[in-house]
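Some notes on the structure that comes next.
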Amino acid sequence: MTGCGQEYTIEPESLPVAYVGQKYVQQLKITGGKVSEQHFELTSNIPVNQVIKITPVDDIDGYNHIKIEGIPKYKGKYKIVINTYFYGRGDNKLTKTYEFVLI
């Protein structure tokens with residue numbers, strides 16, 4: 001996750017376990033540069049009926065701060081994949097895959 005001497009990171013390193021029927025809120029913070037909204041991809045295999053939303057925290061920070069929240073309904077293991085480029089950084093890209101576990 002490094003390019004041209006610039007280090008890009010997403011924290012936390014892994015996601016805490018979510019519990020069925022209990023509110024889940026976790027924020028992801030991307031550092032090392034300003035995320036390009038036009039080149040931000042987030043994919044997930046979390047079914048719609050799980051009622052989990054993954055969105056930017058606010059308009060000010062854009063996609064540098066992402067929030068995962070909701071009240072999960074079913075147990076399971078899912079993937080959340082983030083791919084992004086950064087403003088003014090050429091071809092520098094960050095890719096991160098999270099495992100999202102619901103018990």
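Note that the structure is predicted; figures quoted are calculated from it, not measured.
Closest non-hydrogen pair, Gln26 versus Leu15, comes out as CG-CD2, 3.8 Å. Pairing each heavy atom of Ala18 with each of Leu102, the nearest pair is CB-CD2, 3.2 Å.
Counting heavy atoms from C-beta on, the side chains of Asn83 and Lys93 come closer than 4.5 Å. Looking at Ile52 and Pro72, their side chains come closer than 4.5 Å, going by heavy atoms from C-beta outward. A heavy-atom distance below 4.5 Å is found between the side chains of Leu94 and Ile10. Ser44 places none of its side-chain heavy atoms less than 4.5 Å from the side chain of Lys79. In this structure, Ile30 and Phe40 have side chains that are in contact, with non-hydrogen atoms separated by less than 4.5 Å. By the 4.5 Å heavy-atom criterion applied to side chains, Tyr24 and Tyr19 are not counted as neighbours. Looking at heavy atoms from C-beta onward, Pro12 lies out of side-chain contact with Gln27 at the 4.5 angstrom threshold. Side chains of Ile46 and Ile80 form a contact here, defined as non-hydrogen atoms less than 4.5 Å apart.
Once rounded to the nearest 0.5 Å, the distance linking NE2 of His65 with OG1 of Thr31 reads 8.5 Å. In this structure, OG1 in Thr43 is found 9.0 Å from CD1 in Ile82, a value given to the nearest 0.5 Å.
With 3.5 Å as the limit, one finds a donor-acceptor pair spanning the side chains of Tyr87 and Glu37. Side-chain contact annotation: Tyr85 with Glu41, donor-acceptor N/O pair under 3.5 Å absent. In the model, Gln50 has a side-chain atom that pairs as donor or acceptor with a side-chain atom of Tyr78 under 3.5 Å.
At distances below 3.5 Å, at least one donor-acceptor pair connects side-chain atoms of Asp58 with backbone N or O atoms of Asp61. Although no hydrogens or angles enter the test, the distance criterion places no donor-acceptor pair under 3.5 Å between the side chain of Tyr74 and the main chain of Ile103. For the pair Asn64 (side chain) and Lys34 (backbone), a donor-acceptor distance under 3.5 Å is absent.
Residues meeting the side-chain contact (heavy atoms from CB on, under 4.5 Å) test with Ile71, sequence neighbours left out: Lys23. The side-chain contact (heavy atoms from CB on, under 4.5 Å) search around Val51 returns Lys73, not counting sequence neighbours.
Hydrophobic cluster membership differs between Val57 and Ile68, with clusters built from Ile, Leu, Val, Met, Phe, Trp and Tyr side chains linked at under 4.5 angstrom. Both Phe86 and Leu42 are members of a single hydrophobic cluster when ILVMFWY side chains are connected at heavy-atom separations under 4.5 Å.
Contact check on Lys96 versus Glu13 returns a salt bridge, with a Lys/Arg side-chain nitrogen under 4.0 Å from an Asp/Glu carboxylate oxygen.
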